[in-house]
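Notes for the one structure printed next.
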Number of protein chains: 2
Amino acid sequence: MATQPQSADSDHESDVEQRNADVCNVVGAVEEMGAKWKLIVLNDLRDGEKRFNELKRSTGASSYTLSRVLDDLEAEGFVDNHKEFESPVASYYTLTEKGDALCPVFDALDDWGEDWL
Amino acid sequence: MATQPQSADSDHESDVEQRNADVCNVVGAVEEMGAKWKLIVLNDLRDGEKRFNELKRSTGASSYTLSRVLDDLEAEGFVDNHKEFESPVASYYTLTEKGDALCPVFDALDDWGEDWL
DNA sequence: CGGCATCCTTGGAGATACTG
DNA sequence: CAGTATCTCCAAGGATGCCG
């Protein structure tokens with residue numbers, strides 16, 4: 001009697017349904033960012049506009065990796081890229097509105113880190 | 001404008017420089033969880049105690065993966081494991097205080113997902 | 001039921017070197 | 001300075017099978 005029938009049960013949802021309903025967003029969000037580099041780069045961009053090499057230094061990612069991550073983030077609408085072909089070519093990266101909207105997440109993460117890291 | 005209205009926190013002088021100082025927490029946190037599975041499992045455990053197969057179903061991870069992820073999370077102090085060797089062996093997983101402290105992060109993530117996913 | 005052992009595939013990511 | 005091109009290596013993770 002210790003265990004309850006778990007398989008042949010479809011209407012198991014009762015008290016946790018509310019959370020279950022919108023928790024999917026988290027999964028979606030995680031799926032979309034997943035990789036640690038994306039998060040690290042996004043976090044670094046919270047300071048505002050940054051150059052490629054600047055990000056390279058602050059994140060510690062290789063040119064190759066950083067390039068692909070930025071490419072990815074741009075394609076997904078998290079960051080914007082503005083290039084200047086003048087002097088010694090410079091390209092600046094900034095957070096889009098979508099990327100900036102992640103700030104609360106980073107803040108929460110940062111907050112957590114202070115207590116548990 | 002890259003920053004959002006600060007919380008009820010009192011002195012948040014120049015957030016950018018200030019942020020640069022302790023932003024490491026985010027990196028640390030990301031480094032510690034990194035993998036998407038960890039986040040997904042942790043998120044699923046917000047509902048409370050769950051069994052192995054329950055998590056397997058809800059997360060969609062394979063036994064192998066789930067097992068390793070849970071092992072990892074337990075070793076890092078994010079989850080607790082309570083086993084019952086009675087009839088058909090059952091083991092329950094719950095969030096530790098440390099894991100539960102991540103709720104705000106998931107909430108923020110969830111919040112973000114509603115707007116941008 | 002809850003796992004661990006194995007095999008095997010994928011891609012994430014470092015190192016290095018080269019271009020515009 | 002800002003990438004791109006390779007080559008390579010290793011960990012993540014799916015599939016399957018077995019066991020207490």
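Note that the coordinates shown come from a computational prediction; the quantities given were computed from them, not determined experimentally. In what follows, chains are A, B, ... by sequence order, proteins preceding strands, each numbered from 1.
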Self-check item: Side-chain (Thr59(A)) to main-chain (Val41(A)) donor-acceptor, under 3.5 angstrom
Solution: no
Quiz item: Between the side chains of Ser58(B) and Asp44(B), is a donor N or O closer than 3.5 angstrom to an acceptor N or O?
Solution: yes
Quiz item: Which residue pairs pass the ring-ring contact (aromatic ring centres under 6.0 Å, His included) test with at least one member in residues 84-105 of chain A, sequence neighbours excluded?
Solution: His82(A)-Tyr92(A)
Exercise. Using the test side-chain hydrogen bond (donor to acceptor under 3.5 Å, both in side chains), find all partners of Ser67(A) that sit at least two apart in sequence or belong to another chain.
Key: none
Exercise. Starting from P on dC4(C), measure out to CG on Asn53(B) and report it in whole angstrom.
Key: 13 Å
Self-check item: Degree of bending in the helix from dC1(C)-dG20(D) to dG20(C)-dC1(D) once both end axes are built from five pairs, to 10°
Solution: 50°
Practice problem: For Phe85(B) and dG2(C), give me the distance from atom CZ to atom P, rounded to whole Å. | Solution: 12 Å
Practice problem: Could I get the full list of side-chain hydrogen bond (donor to acceptor under 3.5 Å, both in side chains) partners for Asp72(B), not counting sequence neighbours? | Solution: Lys38(B)
Quiz prompt | Euclidean distance, Leu109(A) CG relative to Leu102(B) CG, rounded to 0.5 Å | solution = 7.5 Å
Exercise. Spell out, as yes or no, whether a donor-acceptor pair under 3.5 Å connects the side chain of Lys98(A) to the backbone of Glu76(A).
Key: yes
Quiz item: Is there a donor-acceptor pair closer than 3.5 Å between any side-chain N or O of Thr94(B) and the backbone N or O of Glu49(B)?
Solution: no
Self-check item: Nucleotide interval of DNA chain D bounded by contacts with chain A (heavy-atom cut-off, under 4.0 Å)
Solution: dC1(D) to dT6(D)
Self-check item: Separation of dG20(C) C1' from Glu86(A) CD (nearest whole Å)
Solution: 16 Å
Quiz prompt | Glu97(A): side chain to side chain contact (heavy atoms under 4.5 Å, CB included) partners, not counting sequence neighbours | solution = Trp116(B)
Quiz item: Counting only non-hydrogen atoms, which of residues 63-73 of chain B are less than 4.0 Å from DNA chain D?
Solution: Tyr64(B), Thr65(B)
Quiz item: Considering heavy-atom distances to DNA chain C, does Gly60(A) or Val89(A) have its closest nucleotide positioned more toward the 5' end?
Solution: Gly60(A)
Quiz item: Of the residues in residues 76-84 of chain A, which ones touch DNA chain C at a heavy-atom distance under 4.0 Å?
Solution: none
Quiz item: Of all residues at least two apart in sequence or in a different chain, which pass the side-chain hydrogen bond (donor to acceptor under 3.5 Å, both in side chains) check with Asp107(B)?
Solution: Arg46(B)
Quiz item: With sequence neighbours left out, what residues match Asp111(A) under side chain to side chain contact (heavy atoms under 4.5 Å, CB included)?
Solution: none
Quiz item: Applying ring-ring contact (aromatic ring centres under 6.0 Å, His included), which residue pairs with at least one partner in residues 48-80 of chain A are found, sequence neighbours left out?
Solution: Phe78(A)-Trp112(B)
Exercise. Return the set of residues passing side-chain hydrogen bond (donor to acceptor under 3.5 Å, both in side chains) with Thr65(A) (not counting sequence neighbours), or none when no residue passes.
Key: Ser62(A)
